[in-house]
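Residue numbers run from 1 in the order of the sequence given.
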Amino acid sequence: MAEHPRSAAETAPAAPAASAVPPEVTAAAEAAPDGAAPARPRRSAATRAAILAAARDRFAADGYERATIRAIAREADIDPSMVMRYYGNKAGLFAAASEIEVHAPDLTHVPPDEAGARLVRHFLERWECDETLTGMMRVGVTNEAGAQRMRGVFAEQIKPVLAAVCPVPDEAPTRAALIASQILGMALCRYVLHIPPAVNLGHDEVVAWLAPTIQRYLTAEQP
């Protein structure tokens, strides 16, 4: 019996099915050595959090120039391709890792004689609920890129708040620097260097010691 010619549809190779595998799974499988089970994939939010935490550690320890995507990925226990997928390059990763929002309080709605205490208490609470601030403090004291980012945060987010209550607006930058010397100094001793007396102080004690000085920087007409 003569065979009928087969149609093009019958002879064409079947198109591969679209993959529904998320990128975390693909990267984990590609990174696994031959014969080894791939690392368990993480959800996107957890992956990003692990990458950023590792990035802050490596930037603090190695500095911006010496920190590498590979070392950051190894510390985050993830394939380097995932770091590149989320952040593009090291500059993009550093920008994300150093993104800080201090949520400075509006001191115009605080009784004038309570502004110093309000500011100190706010920063204590921010530092203890957001590890990003401590991470960037560590980066800021070890390399210039981190220090520049910290300066930017204070210029963009703190100085305008102080200018609104400063009795001499032209002195706002100077007063902001003086306030930073107190708040960042306590943060360094308490959260980075872990100096025991600073660590052991309760919130009310920190406020009691620092607030009068901060209040003077905020509202005093003269030094």
Side-chain angles (χ1 to χ4, degrees), residues 21-33 36-104 121-158 180 183-196 198-200 203 206:
V21 180
E24 289 87 348
V25 175
T26 302
E30 291 173 350
R40 178 178 296 178
R42 294 171 171 155
R43 292 187 180 276
S44 175
T47 299
R48 288 176 183 271
I51 293 171
L52 293 178
R56 293 182 192 110
D57 286 346
R58 292 269 52 85
F59 286 134
D62 303 336
Y64 178 81
E65 296 300 332
R66 291 192 299 156
T68 66
I69 293 292
R70 187 171 296 278
I72 291 167
R74 181 168 57 250
E75 187 158 324
D77 192 25
I78 196 169
D79 186 77
S81 67
M82 292 304 300
V83 180
M84 303 299 287
R85 185 190 300 268
Y86 285 127
Y87 300 105
N89 53 34
K90 186 165 75 170
L93 176 58
F94 181 79
S98 62
E99 186 66 31
I100 299 173
E101 178 54 66
V102 298
H103 301 290
R121 193 173 297 278
H122 171 80
F123 276 100
L124 277 174
E125 293 169 353
R126 288 293 300 140
W127 242 287
E128 294 187 2
C129 75
D130 186 354
E131 293 183 358
T132 301
L133 292 173
T134 302
M136 282 312 301
M137 168 71 76
R138 293 172 56 207
V139 174
V141 299
T142 57
N143 73 88
E144 176 56 27
Q148 183 176 356
R149 184 70 190 99
M150 292 295 287
R151 289 194 293 269
V153 168
F154 268 78
E156 297 160 12
Q157 300 184 42
I158 305 301
I183 291 178
L184 293 182
M186 174 55 75
L188 181 67
C189 293
R190 186 176 174 92
Y191 304 117
V192 177
L193 301 179
H194 301 292
I195 295 176
V199 173
N200 294 335
H203 281 202
V206 174

Do Arg58 and Arg66 come within less than 4.5 Å of each other through their side chains, counting heavy atoms only?
-> no

Between the main-chain N or O of His103 and the side-chain N or O of His122, is there a donor-acceptor pair closer than 3.5 Å?
-> yes

Would you call Leu184 and Met150 a side-chain contact if the rule is heavy atoms closer than 4.5 Å?
-> yes

How close do Ala104 and Ile158 get, heavy atom to heavy atom, and via which atoms?
-> CB-CD1, 4.1 Å

Do the side chains of Val102 and Phe123 get nearer than 4.5 Å, heavy atoms only?
-> yes

Evaluate the side-chain proximity of Leu124 to Arg190: yes if any heavy-atom separation is below 4.5 Å, no if none is.
-> yes

Checking side-chain hydrogen bond (donor to acceptor under 3.5 Å, both in side chains) for the pair Tyr191/Glu128: CA distance, chi angles, key distance, verdict?
-> CA-CA 9 Å; Tyr191 304 117; Glu128 294 187 2; 2.6 Å; yes

Which class fits the ring pair Tyr64 and Phe94: parallel under 30°, tilted 30 to 60°, perpendicular over 60°?
-> perpendicular

Start with the C-alpha gap between Tyr87 and Ile72, add the side-chain angles, then the distance that decides, and say whether side-chain contact (heavy atoms from CB on, under 4.5 Å) holds.
-> CA-CA 12 Å; Tyr87 300 105; Ile72 291 167; over 6 Å; no

Can you name the closest pair of heavy atoms from Ala198 and Met186 and give their distance?
-> CB-SD, 4.2 Å

Closest approach of Arg70 and Pro80, non-hydrogen atoms and distance?
-> NH1-CG, 4.2 Å

Salt-bridge contact Arg151-Glu144 (side-chain N to carboxylate O under 4.0 Å) = yes

From Ile51 CD1 over to Asp77 CG, what is the distance, rounded to the nearest 0.5 angstrom?
-> 11.0 Å

Could you walk me through whether Asp57 and Arg138 pass the side-chain contact (heavy atoms from CB on, under 4.5 Å) check?
-> CA-CA 8 Å; Asp57 286 346; Arg138 293 172 56 207; 3.1 Å; yes

Spacing of Thr134 atom OG1 and Leu188 atom CG [to the nearest 0.5 Å] | 10.5 Å

Does the Arg121 side chain pair with the main chain of His203, one donor and one acceptor, at a distance under 3.5 Å?
-> no

Starting from the C-alpha separation in whole Å, work towards a yes-or-no answer on side-chain contact (heavy atoms from CB on, under 4.5 Å) for Tyr86 and Leu52.
-> CA-CA 11 Å; Tyr86 285 127; Leu52 293 178; over 6 Å; no

With sequence neighbours excluded, residues passing salt bridge (charged side-chain N to carboxylate O under 4.0 Å, His left out) with Arg48 = none

Closest non-hydrogen atom pair, Lys90 against Ala67 | NZ-O, 2.9 Å

Please check if the side chain of Asp130 supplies one atom and the backbone of Arg126 the other of a donor-acceptor pair under 3.5 Å.
-> no

Closest heavy-atom pair and its distance - Ala55, Ala97 = CB-CB, 4.2 Å

Tightest non-hydrogen contact, residues Val83 and Ala73, listed as CG2-CB, 3.9 Å

Spatial distance of atom CZ (Arg74) from atom CG (Asp79) [nearest 0.5 Å] | 12.5 Å

